[in-house]
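Read the structure below first, then the notes.
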Amino acid sequence: MKIEKKTRSRFIMVKCDDCENEQVVFDHASTSVKCNVCGRTLVVPKGGKAEIKSRIINVFE
């Protein structure tokens with residue numbers, strides 16, 4: 001019997017608060033993620049699940 005493990009990490013779509021650019025990021029990011037358009041910090045690593053500094057639009061399962 002094969003046991004299937006579910007991961008707790010996901011990719012999420014966030015919207016930048018400054019320029020409204022939509023970008024896909026990893027919710028367990030190990031480095032800071034900046035907006036590709038304006039450079040605002042969207043995700044800050046926290047030693048596990050990252051701190052999301054913008055609006056979450058969609059979560060990809």
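All figures in this text were calculated on a predicted structure; none of them were measured in a lab.
- Contacts classified as ring pair (Phe, Tyr, Trp, His ring centres under 6.0 Å) and involving residues 25-49 (residues at least two apart or in different chains) are given here: F11-F26.
- With sequence neighbours excluded, the residues forming a side-chain hydrogen bond (donor to acceptor under 3.5 Å, both in side chains) with T41 are K34, listed by chain and number.
- Counting only distance, with no hydrogens or angles, the side chain of D27 and the backbone of R10 share a donor-acceptor pair below 3.5 Å.
- Every residue two or more places apart in sequence or in another chain that forms a side chain to side chain contact (heavy atoms under 4.5 Å, CB included) with K15 is listed here: E20, E22, R55, I57.
- Other members of the cluster containing I56 are I12, V14, V25, V33, L42, V43, I52, V59, with ILVMFWY side chains joined at under 4.5 Å, either directly or via other members.
- Residue pairs that meet the ring pair (Phe, Tyr, Trp, His ring centres under 6.0 Å) test with at least one member in residues 29-51, sequence neighbours left out, do not exist here.
- Not counting sequence neighbours, K49 has no partner by the salt bridge (Lys or Arg N to Asp or Glu O under 4.0 Å) test.
- Smallest separation of non-hydrogen atoms from A29 and A50: N-CB, 3.9 Å.
- For residues 41-61, the set of pairs meeting the ring pair (Phe, Tyr, Trp, His ring centres under 6.0 Å) definition, not counting sequence neighbours, is empty.
- Within the structure, salt bridge (Lys or Arg N to Asp or Glu O under 4.0 Å) contacts touching residues 36-45 (residues at least two apart or in different chains) are D17-R40, D18-R40.
- In this structure, CD on E51 lies 10.0 Å from OG on S32, to the nearest 0.5 angstrom.
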